[in-house]
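Let me begin by presenting the structure, written as structure tokens, before commenting on it.
Remember, predicted model here, so these are calculated numbers, not experimental data.
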Amino acid sequence: MPITTAEVEHVALLARLKLSPGEKAAYTEQLNAILEYMDKLNALDTRDVEPTAHVLPLHNVFRDDVARPGLPRDRALAGAPEASEGQFKVPRVV
Amino acid sequence: MDLHYLTAHELGGLLQHREVSAVEATEALIDRIEALDGRVQAYLTRTAEQALEQARAVDAARARGEEPGPLAGVPMALKDNLCTEGVRTTCASRILGDWVPPYDAAVVRRLKAAGAVILGKLNMDEFAMGSSTENSGFFPTRNPWDLERVPGGSSGGSVAAVAAGEAVYALGSDTGGSIRQPASFCGVVGLKPTYGRVSRYGLVAFASSLDQIGPITRDVTDCALVLGAIAGHDPFDSTAADLPVPDYRAALKPGIKGLKVGVPREYFGAGMEPEVEAVIRRAIAKLEELGAICEETSLPHTEYALPAYYLVAPAEASSNLARYDGVGFGLRVPGRDIIEMYMNTRSQGFGPEVKRRIMLGTYALSSGYYDAYYLKALQVRTLIRRDFETAFTKYDLLATPTSPTVAFRLGERAGDPLAMYLSDLCTIPINMAGLPALSLPCGFSQGLPVGLQLIGKAFDEVTLLQAAYTFEQSTTYHRRRPELGVA
Amino acid sequence: MEYEAVIGLEVHTELKTNSKAFCGCTTAFGGEPNTHVCPVCLGLPGVLPVINRRVVEFGLKTALALNCQVEPFCKFDRKNYYYPDLPKNYQISQYDLPLARKGYLTITVDGQERVIGITRVHMEEDAGKLIHVDGPDGGYSLVDYNRTGVPLLEIVSEPDLRTPAEARAYMEKLKTILQYLDVSDCKMEEGSLRCDANVSVRPRGSQVLGTKTEVKNMNSFRALQRALEYEIERQIAVLEGGGQVQQATMAWDEARGVTYIMRTKEEAQDYRYFPEPDLVPLEIDGDWIEQVRAGLPELPDARCHRLINDYGLPAYDAGVITSSRALADYFDRVVSLYPDAKVVSNWIMGDFLRLLNAAGLEPGSSPVPPEEMAALLQLQKEGTISGKIAKQVLEEMFATGKGARLVVEEKGLVQISDAGALARIVEEVLAANPGVVEDYRNGKDKALGFLVGQVMKATKGKANPGLVNQLLKERL
């Protein structure tokens, strides 16, 4: 089932990427080629196979509930493209 | 004496015996970088001043009669996806701008505590996505053995620096082969430890369930030494296993008599250069000659590892890379509203391969496709793990080529993403299974290095290093240096 | 046509741990913006989360108190969406394998007890705070990440609620339980207890669900009830007008008293959940569950029944007293010192709560400790002070924080029970009111009350009223 340009546009919106018309066309073609290659997986019967999300058999790794000092505010904001009144400044939301 | 081509254990010995000072060694490396890096282009950021300061501190400690350890004063460098407090960390991406982390990665903390001298930050494919270092947002790194060829990737800068004598050793990261494939292309030793052996805290994430940090060195002894310095539990990484760390260097004893080595036939498939295959076969014969029992075996789901990987890794990456949005750090390209700001920033900040993988991963996780793609890939991952589990009931190690080819030419595969993905065919299944594997120099083809990949059981890096060490001690490939036209 | 509403609530409660869910930053409320942050909760490149053990323990306590089945295996997932209060642009949450499922709690509305199902309880992290600033070009927003990463429990009810009053009762009961467990401050005004509602209407008797809307931004119990009343009326009006309810997310506007559309189904999010690779799964075995269960406090329903059965309190009294753990603790302490439960209950439900509410205080921070409340009741019982004076003394204790006996002594409020002293005053009153005395002797019983009042007045209310009555009658 080939991926359409409309789907590429929808995925780009979900991923917050602005694509030029050229990129849209290229990604549609490339994603189709890659996904066609992925179809190889359908040759495998995986009905009763557990998925592997973690390769390690680890569980219950915790930290204790102890508060520690974090970053001083100037260091927290040091990398911000824009800051004001000790806060991160962004274009208006809603 | 060429200080820049000494191994860490050789240089460390000279430092410990006060035959060379850390400052002298550091200056030698800085000179070497000055002379060579214009052509190799391994470094993104050089920290000469800081390195000399660290070197002086080590010399001062030794002058006081302290012994800060075998890596103290040895100049090394870091792949630029490892966070360094006060030193910009770019992941070779425009989107990070000149971001300066306010913290050190766990491995950096450990190396600093061991007295490491850090020369700078090394080039890579943007966000570690690539197999040639051509996807760097800044410039491609060259293969020291042939400057017209790629060093491999994504840790191309790390490997090229070590091969060219621009760092005694380096750290890289390996998600699908990013340490081993370039190590193979540049004739050095590269180890991807077991998933969970080394803390990932401070490694800028590409695909969290696959990423692992590892050493890139000029011989196996250094590999053992550096692994010992960076391995172990870390309270800041839930996936860093709380297991004792063996003394890897002390465990290096030659001898592999009776070691059972499986050679999976699926790793010698179509697309393999015959001359590379011949080199690998000779290396396996060498292992037999040294006493190992080698036999052909099968890992039947190998061919499915690559497509499954290219669903799992981009899916995780699409989420890991969502934070590059122009809000808290890094690049911001303004827009009329917040969504436009996000889109402008991300479109201009990320390169084409990163965008391609974000698109692929977002698609694989999106409503209606999750089961068909992402879940399916996780199930296939289970089948791949089981292949290895079965094989390791019979064998102590597996031996394969690291890459089906030698280093390719710059630009040769740049236009065809799928062809580029295929260059990681032999390394990806190991990440999918979380196992340790290393690439070590085992010969040459067309005058270019070829790497032998050894794969071990989970957390059994000792057997892996011992076999590699035994091979290395009876060969000289690791002593060959590229012709770079400088002393 | 008659309609009925179908309501389900999604409640978020901030857990009162010392540190955040996945890093060591403090969870303290307030604080200058961006002073309770570190690389982890700022979502800087390279950081990793590590779960705070107490978050899981608080989650387990809550799950058990809500009669849930704790899952033996659960995991965290990433919920992906872009919003500037979420620095990673994903929230660590739980999707298909939550901490616990299939619980219930009981509510009582208009004397009717109802069991409300709980679908699931899961753990997640809170987002930061956005402030919108008006200005040219649409203004801008400021982001404070102090709250980012504070642990939350999400508690989802079954669509078992039928009226806004039931929804409110459910929410109040949940708050009470969370407070009994001491896992959350439950301050709606500070956002540590929040609630979204899924609402639909259908013809009464129908088994088919109508199209639902999700209502957000209800910041008090009253707002919850008003918003639901409004939204139900709105949906009924749409249906009555021949229209169809549009699936949407609505916001409650407290000032205007209306709900309005925030986003429609077409704009619905695709959260792309997948297992969080940076956190390992949780396995919760029977031993752990039993250990948590053993540490659970007595819960409101059990406590209410105990007050009824052990102390013979009326159900109403028991309900009021156990609606707050602090109040019930106060009650139990007073009763342990002054074992007449009904008297204690009357005082607590009456003057004590009145004074507490007037001062805007919680029972735990009352200036009158339970020991002094018991001392006051003891003084009254001994006859040292009258009931009327006791009320006066309590007010003084509240205002000054002084003990009961001290107030009584300082103010000279000890009841006059000395027959000799009172006899003299009685004589004076009788002498001064010959007409009234005459009236009484002529059969006007009411006149006695006047004479008692005069004695009380003369003693500034300190006279023992029983003794005064007795002395008057003897002389008349």
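- The stretch residues 16-26 of chain A places A:Arg16 near chain C, each with some heavy atom under 4.5 Å from a heavy atom of that chain.
- Between the side chain of C:Asn18 and the main chain of A:Asp65, a donor-acceptor pair closer than 3.5 Å is present.
- Side chain of C:Asn34 to backbone of A:Gly86: a donor-acceptor contact under 3.5 angstrom is found.
- In this structure, the side chain of A:Arg63 does not engage the main chain of C:Arg53 through any donor-acceptor pair within 3.5 Å.
- Across every non-hydrogen atom of C:Val56 and A:Phe62, the tightest pair is CG2-CE2, 3.8 Å.
- Both the backbone and the side chain of C:Glu32 come within contact range of chain A, with heavy atoms under 4.5 Å apart.
- Using a 4.5 Å cut-off between heavy atoms, A:Val66 contacts chain C through its backbone alone, with no side-chain atom that close.
- With C:Ser141 contributing its side chain and A:Val90 its backbone, the two residues share no donor-acceptor pair below 3.5 Å.
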Just list the side-chain donor-acceptor pairs under 3.5 Å for residues 69-77 of chain A, sequence neighbours left out, or say none.
{"from": "A:Arg73", "atom 1": "NH1", "to": "C:Pro33", "atom 2": "O", "distance (Å)": "2.7"}
{"from": "A:Arg75", "atom 1": "NH2", "to": "B:Glu85", "atom 2": "OE2", "distance (Å)": "3.2"}
{"from": "A:Arg75", "atom 1": "NH2", "to": "B:Pro102", "atom 2": "O", "distance (Å)": "3.2"}

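- No donor-acceptor contact under 3.5 angstrom links the side chains of A:Arg68 and C:Thr26, judged on distance only.
- Residues of residues 89-96 of chain C lying within less than 4.5 angstrom of chain A, judged on heavy atoms, are absent.
- By the 4.5 Å heavy-atom criterion applied to side chains, A:His59 and C:Leu282 are not counted as neighbours.
- Contacts between residues 40-53 of chain A and chain C, defined by a heavy-atom separation under 4.5 Å, are made by A:Ala53.
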